[in-house]
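A quick write-up on the structure given underneath.
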Number of protein chains: 2
Amino acid sequence: MATIDDVAKAAGVSTSTVSYVLSGKRPISGPTRARVEKAIRDLGYRPHAGARALASSRTNVIALVAPLRVAVNVNVIMEFVTGVVTAARNHNYDVLLLTQEDATGIDRVSSGSMVDAIIAMDIEEDDPRIPLLKAARQPAVLIGLPRDNAGLSCVDLDFFGAGAATIRHLAHLGHTRIGMLGAPTAVWQRHTSFWDRTLSGAHYEATSKGVTFTAIPCEASEVGAHQSVTELLRKAPDITGLVVHNEAALPHVVAALRDTGRAIPEDISVVAICPQHLATSQPQPLTSVTIPATAIGKVAVDMAMQRLSDPEQPAETRLLAAELTQRATTATLHSAAENTSGDTASIGLM
Amino acid sequence: MATIDDVAKAAGVSTSTVSYVLSGKRPISGPTRARVEKAIRDLGYRPHAGARALASSRTNVIALVAPLRVAVNVNVIMEFVTGVVTAARNHNYDVLLLTQEDATGIDRVSSGSMVDAIIAMDIEEDDPRIPLLKAARQPAVLIGLPRDNAGLSCVDLDFFGAGAATIRHLAHLGHTRIGMLGAPTAVWQRHTSFWDRTLSGAHYEATSKGVTFTAIPCEASEVGAHQSVTELLRKAPDITGLVVHNEAALPHVVAALRDTGRAIPEDISVVAICPQHLATSQPQPLTSVTIPATAIGKVAVDMAMQRLSDPEQPAETRLLAAELTQRATTATLHSAAENTSGDTASIGLM
DNA sequence: ATAGATTGTTGAACCGCTTCGATGATATCG
DNA sequence: CGATATCATCGAAGCGGTTCAACAATCTAT
């Protein structure tokens with residue numbers, strides 16, 4: 001492997017000149033720069049990452065802490081990861097992948113100076129990683145919103161707004177009895193931050209709009225989806241609107257509703273909170289609030305880069321606005337009443 | 001950050017002694033070792049990864065090249081990644097994540113000495129990455145089996161054997177008209193290695209067992225699955241056995257078969273090639289050949305480590321034996337005949 | 001013509017660790 | 001008892017870059 005000295009020799013300049021050509025931190029005359037660049041090309045020279053990291057205290061690597069268990073939401077996670085990796089490359093950064101499960105990971109890569117910044121996803125309200133991230137010498141960006149985020153940058157979809165938007169949309173269409181199928185019980189109990197916030201937003205909007213609102217958990221499997229639909233319809237048999245915030249269960253929920261003889265959107269309107277491709281790839285495109293996973297990943301990287309370039313930069317929290325797109329699965333209660341018994345309509349007036 | 005010199009000073013020894021305590025490459029007396037270890041603990045010392053890499057030409061990082069596009073088989077990919085990351089940690093290695101799309105990635109991390117080895121997944125017959133991997137100074141391990149694998153280590157499920165096993169199983173149950181739904185057209189055309197081999201194995205076994213065999217592609221979506229099922233039943237209306245090698249389409253295929261009025265396994269036996277959790281999590285557990293993704297990821301890492309510890313170690317190819325597990329979706333043609341018209345049975349005798 | 005500023009390049013120190021050869025102290029043997 | 005082997009530790013030379021102070025050469029203003 002050619003070293004920087006080999007290049008310098010070949011170009012007839014000092015090693016520092018080569019370094020400055022590479023980094024652009026000092027002006028180099030045209031002819032000199034050309035000679036150096038030729039030598040680099042001829043020798044196929046590539047700076048040694050370790051040497052560079054040692055001398056400059058920059059690794060050009062960021063750590064990404066991701067939940068790699070076979071999770072309910074692999075699709076969403078994958079999209080986050082893709083967004084992060086792609087954005088990182090645009091800043092000339094590579095990504096070191098850590099699993100949530102490897103508790104020592106954060107400390108290891110941080111105090112070992114393996115990375116310049118850390119991005120952690122799937123953050124819970126009281127996430128055990130928070131103290132580690134605060135203690136790290138490198139800036140950290142969380143994808144999610146923990147209870148205590150002092151000194152840490154956070155990005156996420158405005159899930160409170162997302163929850164509210166779904167209710168507002170359904171209420172606007174005339175629905176007054178609304179149900180919600182959410183995360184699996186485990187996520188619910190873990191107080192994963194996104195889920196708590198969706199629920200609050202929905203509750204808040206339901207209260208202020210005066211509509212009844214019933215939310216229950218939903219497992220990710222086909223069987224679980226059927227059970228949850230059954231239970232929800234038992235608890236609140238008169239609902240005409242349903243919010244589903246569970247990517248994995250989505251298709252099964254739709255199927256289960258049909259199995260009960262309910263037509264979508266004639267008998268029941270359905271709005272999802274999920275990545276866009278999931279909403280549009282269904283046989284009947286779903287009205288949905290998009291989870292812009294790729295965009296969030298990109299913002300996370302950008303925030304990390306910002307804090308690297310200006311260490312004085314204070315931590316900030318950025319919540320991306322929720323946008324609801326109406327597709328084929330929601331309709332006004334009025335038009336629904338045309339195709340169904342008067343019961344539903346009268347209930348709507350209660 | 002404390003350096004090795006700080007530790008040496010605190011322990012009253014030379015820096016090299018500290019280094020040898022850490023690496024164990026030279027014997028150190030009990031008392032000395034104890035003093036050094038105490039100093040390390042007191043100072044919270046962690047070796048600087050860059051410095052270490054520079055001095056030892058070992059980074060303790062491996063690169064993993066993964067297809068991060070939202071692929072049909074996110075679940076499987078995720079499982080490979082998990083297997084690799086977990087296994088890597090057991091060897092005290094971290095994982096740098098590269099995307100397939102970033103063509104420069106392999107060369108960058110290789111010639112920049114960012115990693116000690118490279119693992120590439122989702123290999124095609126004539127994969128454009130092969131020349132890059134051969135040119136790399138670091139050992140490479142492929143998950144998949146390209147046409148030309150000289151000098152490269154490969155691991156994969158024995159997909160030829162898997163394809164053969166599905167046919168053998170169905171033939172053993174008396175089925176003589178067998179259909180197969182495979183990868184999407186794109187994968188088929190790309191000659192992704194696993195799919196070609198499954199097909200060959202199935203064909204080979206079908207020929208030798210004298211059963212008729214019809215395979216067509218299948219897209220990953222619900223709509224695509226329905227279309228493929230319809231087309232297959234048009235081309236080969238008399239099939240009593242079906243092999244599905246397409247994780248994403250699996251549940252939709254099952255649903256589509258039911259929609260045609262066929263009961264599983266009474267009217268048609270179904271065997272899948274997919275990760276185990278997918279087969280068992282269906283409402284009706286599927287007879288399947290397991291894709292042991294986690295295990296393959298682990299083997300890939302182990303092979304890489306082996307070649308690192310002994311550079312003379314020649315490249316080898318390891319194909320994990322395919323194992324078929326019978327569950328609820330396959331039955332003998334005889335018992336099927338009891339519940340169906342004589343037509344099927346007579347065709348079975350042809 | 002000369003002091004001062006600007007531009008382009010260099011030499012050398014340093015980043016933090018590994019590893020090899022050397023050294024002194026003990027143990028082993030004929 | 002002296003010669004030799006063994007054990008534990010040390011000093012110093014890299015590994016391959018970055019960066020700073022300094023210097024030479026050229027340009028501007030007086």
Side-chain angles (χ1 to χ4, degrees), chain A residues 1-37 39-40 43-61 92 108-116 137 308, chain B residues 1-37 39-40 43-61 92 108-116 137 308:
Chain A
M1 282 281 87
T3 72
I4 198 173
D5 286 304
D6 298 334
V7 174
K9 218 156 287 171
V13 298
S14 71
T15 68
S16 46
T17 299
V18 178
S19 179
Y20 287 126
V21 166
L22 249 22
S23 70
K25 294 193 178 175
R26 294 248 175 126
I28 300 289
S29 71
T32 306
R33 147 167 291 113
R35 284 208 325 281
V36 171
E37 283 168 349
I40 289 176
L43 295 172
Y45 166 74
R46 294 277 199 159
H48 185 288
R52 183 170 263 196
L54 178 56
S56 68
S57 346
R58 276 296 168 97
T59 62
N60 275 50
V61 174
N92 196 29
R108 174 161 36 84
V109 300
S110 166
S111 49
S113 299
M114 299 182 72
V115 301
D116 295 341
R137 288 175 296 118
L308 280 177
Chain B
M1 281 282 89
T3 73
I4 198 173
D5 286 305
D6 298 335
V7 173
K9 219 156 287 169
V13 298
S14 71
T15 69
S16 48
T17 300
V18 177
S19 179
Y20 286 126
V21 166
L22 249 23
S23 70
K25 293 191 178 174
R26 290 227 181 147
I28 299 290
S29 71
T32 307
R33 149 167 290 116
R35 280 201 336 272
V36 171
E37 283 169 348
I40 289 177
L43 295 172
Y45 166 74
R46 293 276 198 162
H48 185 287
R52 182 171 266 196
L54 179 56
S56 68
S57 349
R58 276 296 169 96
T59 63
N60 276 51
V61 174
N92 196 29
R108 175 163 33 84
V109 302
S110 167
S111 50
S113 299
M114 298 181 71
V115 302
D116 296 340
R137 289 175 295 118
L308 280 176

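Labels below follow one simple rule: chain letters A, B, ... track the order of the sequence lines, proteins then strands, and each chain is numbered from 1.
- Using a 4.0 Å heavy-atom criterion, one finds that A:Thr17 contacts the bases of the nucleic acid, with or without backbone contacts as well.
- Among the atoms of the strands shown, none is found under 4.0 Å from any heavy atom of A:Arg58.
- For the segment residues 20-33 of chain B, the set of residues with a heavy atom within less than 4.0 Å of an atom of DNA chain C comprises B:Tyr20, B:Lys25, B:Arg26, in numerical order.
- Looking at heavy-atom distances under 4.0 Å, B:Val13 makes contact with sugar-phosphate atoms alone, never a base.
- B:Val13 places none of its side-chain heavy atoms less than 4.5 Å from the side chain of B:Val21.
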task = In sequence, state the C-alpha distance, the side-chain angles, and the governing distance for B:Thr17 and B:Ser14, and then conclude on side-chain hydrogen bond (donor to acceptor under 3.5 Å, both in side chains).
result = CA-CA 5 Å; B:Thr17 300; B:Ser14 71; 3.1 Å; yes

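- A residue-by-residue look at B:Ser16 and A:Thr3 shows that B:Ser16 has its nearest nucleotide of DNA chain D further toward the 5' end.
- Nucleotides of DNA chain C that come within less than 4.0 Å of any heavy atom of chain A span, from the 5' end to the 3' end, C:dG8 to C:dG16.
- For B:Arg108, the salt bridge (charged side-chain N to carboxylate O under 4.0 Å, His left out) partners two or more places apart in sequence, or in a different chain, are A:Asp94, B:Asp102.
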task = Run the numbers on A:Val61 and A:Val109 for side chain to side chain contact (heavy atoms under 4.5 Å, CB included), then give the verdict.
result = CA-CA 10 Å; A:Val61 174; A:Val109 300; over 6 Å; no

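- Of the residues in residues 48-57 of chain A, those lying under 4.0 Å from DNA chain C by heavy-atom distance are A:Leu54, A:Ala55.
- Separating the OG atom in A:Ser113 from the CZ atom in B:Arg52 is a distance of 12.0 Å, to the nearest 0.5 Å.
- B:Arg46 and A:Ser110 form no side-chain donor-acceptor contact under 3.5 Å, judged by distance and modelled atom types alone.
- The two residues A:Ala53 and A:Thr59 come nearest to each other via the heavy atoms CB-CG2, 4.1 Å.
- Within the structure, the salt bridge (Lys or Arg N to Asp or Glu O under 4.0 Å) test picks out the following pairs touching residues 6-34 of chain B (sequence neighbours left out): B:Arg33-B:Glu37.
- First and last contacting nucleotides of DNA chain D toward chain A (any atom under 4.0 angstrom from a heavy atom, 5' to 3' order): D:dG16 to D:dA22.
- The shortest side-chain heavy-atom distance between A:Arg58 and A:Leu308 falls under the 4.5 Å cut-off.
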